[in-house]
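Numbered from 1 within each chain, the chains take letters A, B, ... in sequence-line order. Just the heavy atoms: all of them, side chains too, but no hydrogens, waters or symmetry mates, feed the values below.
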Protein chains: 2
Amino acid sequence: MNVTGEIPDIVVGRLPIYLRELNRMARSEDNMTTSSRDLGHRLGISSAQIRKDLSHFGEFGKQGTGYHIGYLIDQLTQILHLKEEWGVAVVGAGYLGHALANYRGFQDRGFHVVCVFDKDLDKVGIKMGDLTVQGIDELEETIDRMNVEMAIIAVPVSVAQEITDRLVKAGVKALLSYVPIHLNVPEGVQVSYSDPVVQMQRMTYYLTPVATTAAESST
Amino acid sequence: MNVTGEIPDIVVGRLPIYLRELNRMARSEDNMTTSSRDLGHRLGISSAQIRKDLSHFGEFGKQGTGYHIGYLIDQLTQILHLKEEWGVAVVGAGYLGHALANYRGFQDRGFHVVCVFDKDLDKVGIKMGDLTVQGIDELEETIDRMNVEMAIIAVPVSVAQEITDRLVKAGVKALLSYVPIHLNVPEGVQVSYSDPVVQMQRMTYYLTPVATTAAESST
DNA sequence: TAGATTGTTAATCGATTAACAATC
DNA sequence: TAGATTGTTAATCGATTAACAATC
């Protein structure tokens with residue numbers, strides 16, 4: 001019950017994974033409870049780590065019984081500030097922006113894409129689900145008016161830092177970037193990156209490259 | 001020069017970030033060299049960490065001068081097994097699959113999408129860049145024939161584990177999943193996850209939720 | 001009660017940082 | 001030479017794990 005004090009980032013980072021699995025269990029199974037052992041087994045995480053992680057925030061379980069799934073979901077939802085839905089802006093209406101604006105996975109997980117922007121005038125006006133692509137010049141006004149605090153960036157590398165600066169200036173406090181560069185943001189602004197190439201390069205280290213030997217090449 | 005022994009995953013995980021920035025420097029700047037201090041400053045990483053990380057693999061720098069950018073790129077490319085291009089299969093031709101199949105960012109970073117599959121017969125035959133969407137029943141034969149060892153999964157949750165099993169059985173050794181569930185794979189198969197919701201939930205923990213008080217609601 | 005499982009402690013393990021001799 | 005910067009060491013810091021009393 002170390003409820004006070006700084007929680008390590010790495011612990012916070014695992015909570016959404018726990019929450020995701022718990023929701024899955026709530027939806028598809030009849031069990032009302034789970035244990036650190038069971039949850040850990042499903043996620044490839046040790047039971048001790050799960051208990052330790054949760055203990056940073058309170059005592060959510062019962063000896064002998066484990067954790068009530070619904071209750072734990074409720075607590076994690078609260079801890080992660082997901083009781084209210086967060087409006088999200090998507091910047092860039094290319095293939096990826098299109099995929100994000102139409103992504104069903106945001107529903108019921110705390111997020112809702114409320115606006116989409118693109119620089120390209122040919123894209124402005126296009127419908128994406130319930131939304132209409134807006135011009136990039138409307139970015140500041142819209143974000144301010146809608147009180148948007150989160151944004152997803154799916155723009156070309158060349159304009160990513162500039163768009164970031166504009167978003168931050170407009171009040172965005174958390175950014176998810178699909179652009180393959182490091183972004184500079186002021187203290188207090190969260191940034192998370194998703195670069196498929198970086199993820200794949202991390203894996204190829206562990207793979208054996210196909211040794212195209214002279215003998216093979218000559219066959 | 002601790003070239004032998006196990007390299008920590010976390011160290012391997014930073015190499016693609018270094019490589020990405022180095023390539024950017026090589027492309028857009030005139031400097032032939034950089035230092036751990038300079039590189040670290042650009043990436044928000046300490047210089048000591050960069051030197052330590054690189055020292056696991058060899059001595060790539062020169063006292064007083066730093067690192068020759070081209071040489072370091074070459075070495076990292078070799079370490080990460082990126083000298084040869086890896087063929088990649090994309091499974092799922094929805095919005096996201098579409099975005100991935102058309103993604104230009106793979107070029108020159110070691111990867112090449114060589115096939116795309118979808119279950120939906122309406123999608124089979126559709127052109128995506130140079131590729132044509134194939135039926136899911138062609139998965140095993142194509143992957144085997146093309147010697148594909150990496151795959152990106154962008155299918156519905158309901159079929160993700162089944163598709164994973166089929167890919168692994170067909171010889172895929174590394175998977176990048178955009179599906180929001182934990183996947184079970186045999187020992188030796190690499191998996192990397194990308195779930196935008198998990199990334200955003202990690203950030204909302206640090207954000208202050210909008211306190212919709214009674215007073216506010218009633219205005 | 002007997003079995004199961006929590007929350008917590010202490011030990012272990014691993015990663016980061018500061019400092020500096022070596023040297024370009 | 002003087003300044004810069006490496007690679008490495010040792011110290012510090014942080015995370016994970018094993019173990020167990022408490023208790024449902």
Side-chain angles (χ1 to χ4, degrees), chain A residues 1-18 21-22 25 31-76 79 202 205, chain B residues 1-18 21-22 25 31-76 79 202 205:
Chain A
M1 47 159 143
N2 168 29
V3 183
T4 29
E6 278 302 292
I7 312 288
D9 287 359
I10 199 157
V11 172
V12 174
R14 280 188 293 260
L15 301 187
I17 306 287
Y18 300 162
E21 188 62 29
L22 289 164
M25 290 163 76
N31 306 332
M32 297 301 284
T33 62
T34 183
S35 64
S36 58
R37 192 168 172 278
D38 174 47
L39 185 58
H41 187 75
R42 291 165 185 265
L43 297 173
I45 292 177
S46 80
S47 63
Q49 181 155 86
I50 289 177
R51 293 199 301 279
K52 190 92 212 278
D53 285 354
L54 296 177
S55 77
H56 283 97
F57 302 95
E59 304 186 6
F60 306 128
K62 259 203 191 77
Q63 285 103 324
T65 314
Y67 302 90
H68 181 92
I69 295 172
Y71 178 69
L72 193 48
I73 288 174
D74 186 75
Q75 291 298 305
L76 289 175
I79 290 164
R202 282 172 182 167
Y205 172 80
Chain B
M1 45 158 144
N2 168 29
V3 183
T4 28
E6 277 302 290
I7 312 288
D9 287 358
I10 200 158
V11 171
V12 174
R14 280 188 292 261
L15 301 187
I17 305 287
Y18 301 161
E21 187 62 29
L22 289 164
M25 291 164 75
N31 306 333
M32 296 303 285
T33 62
T34 183
S35 65
S36 58
R37 192 168 172 279
D38 174 47
L39 186 57
H41 187 75
R42 292 164 185 265
L43 298 173
I45 292 175
S46 79
S47 62
Q49 182 155 86
I50 288 177
R51 291 199 302 280
K52 190 92 212 281
D53 285 354
L54 295 178
S55 77
H56 283 98
F57 303 94
E59 305 186 6
F60 306 129
K62 260 201 190 77
Q63 285 104 324
T65 315
Y67 301 91
H68 181 92
I69 295 173
Y71 178 68
L72 193 48
I73 288 174
D74 186 75
Q75 291 298 305
L76 289 175
I79 290 165
R202 282 172 180 166
Y205 172 80

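A sub-4.0 Å separation between OP1 or OP2 of D/dT16 and a side-chain N or O of A/R14 is present. Within the 4.0 Å cut-off from OP1 or OP2 of D/dT6, at least one side-chain nitrogen or oxygen of B/S36 is found.
Atom-to-atom distance recorded for B/D74:CG and B/I79:CD1 is 9.5 Å, nearest 0.5 angstrom. Rounding to the nearest 0.5 angstrom, the gap separating the CD atom in A/Q49 from the CD1 atom in A/I10 is 7.5 Å.
In this structure, the side-chain contact (heavy atoms from CB on, under 4.5 Å) partners of B/H68, at least two apart in sequence or on a different chain, are B/M32, B/Y71. Partners of B/R202 under the side-chain hydrogen bond (donor to acceptor under 3.5 Å, both in side chains) rule, at least two apart in sequence or in another chain, do not exist in this structure. With sequence neighbours left out, the side-chain contact (heavy atoms from CB on, under 4.5 Å) criterion links A/T65 to A/T33, A/K62.
With a 4.5 Å cut-off on side-chain heavy atoms, A/F57 and A/I7 count as touching. Side-chain atoms of B/L54 and B/L76, non-hydrogen and from C-beta on, do get closer than 4.5 Å to each other.
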Go ahead and write out DNA chain C as dot-bracket, 5' to 3': ( ) for pairs within the strand, [ ] for ones crossing earlier pairs, | when the partner sits on another strand, dots for unpaired; Watson-Crick or G-U wobble, both distances under 3.5 Å. ..||||||||||||||||||||||
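The number of heavy-atom neighbours closer than 6.0 Å to CZ of B/R42, taken from other residues, nucleotides and ligands shown, is above 12.
Only A/S46, A/A48, A/Q49, A/R51, A/K52, listed by number, bring a heavy atom of residues 37-53 of chain A to less than 4.0 angstrom from any atom of DNA chain D. Residues from residues 63-74 of chain A lying near DNA chain D, meaning a heavy-atom separation below 4.0 Å, are A/Q63, A/G64 in numerical order.
Nearest-nucleotide mapping onto DNA chain D: of A/V11 and B/K62, the residue sitting toward the 5' end is B/K62.
Atom CG of B/L54 is separated from atom P of D/dG7 by 7 Å (rounded to the nearest Å). Between the CD1 atom of A/I7 and the C1' atom of D/dA15 there is a distance of 14 Å, rounded to whole Å. Rounded to whole angstrom, the span from the CD atom of A/E6 across to the C1' atom of D/dG14 amounts to 14 Å. The nearest whole Å value for the distance from the CZ atom in B/F60 to the C1' atom in D/dG7 is 12 Å.
For residues 44-57 of chain B, the salt bridge (Lys or Arg N to Asp or Glu O under 4.0 Å) pairs, not counting sequence neighbours, are B/R14-B/D53.
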Would A/D38 and A/M25 satisfy side-chain contact (heavy atoms from CB on, under 4.5 Å), going step by step from the backbone distance to the final call? CA-CA 11 Å; A/D38 174 47; A/M25 290 163 76; 3.4 Å; yes
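Just one of B/I45, B/L72, B/I73 meets the side chain to side chain contact (heavy atoms under 4.5 Å, CB included) condition when paired with B/Y18; it is B/I45.
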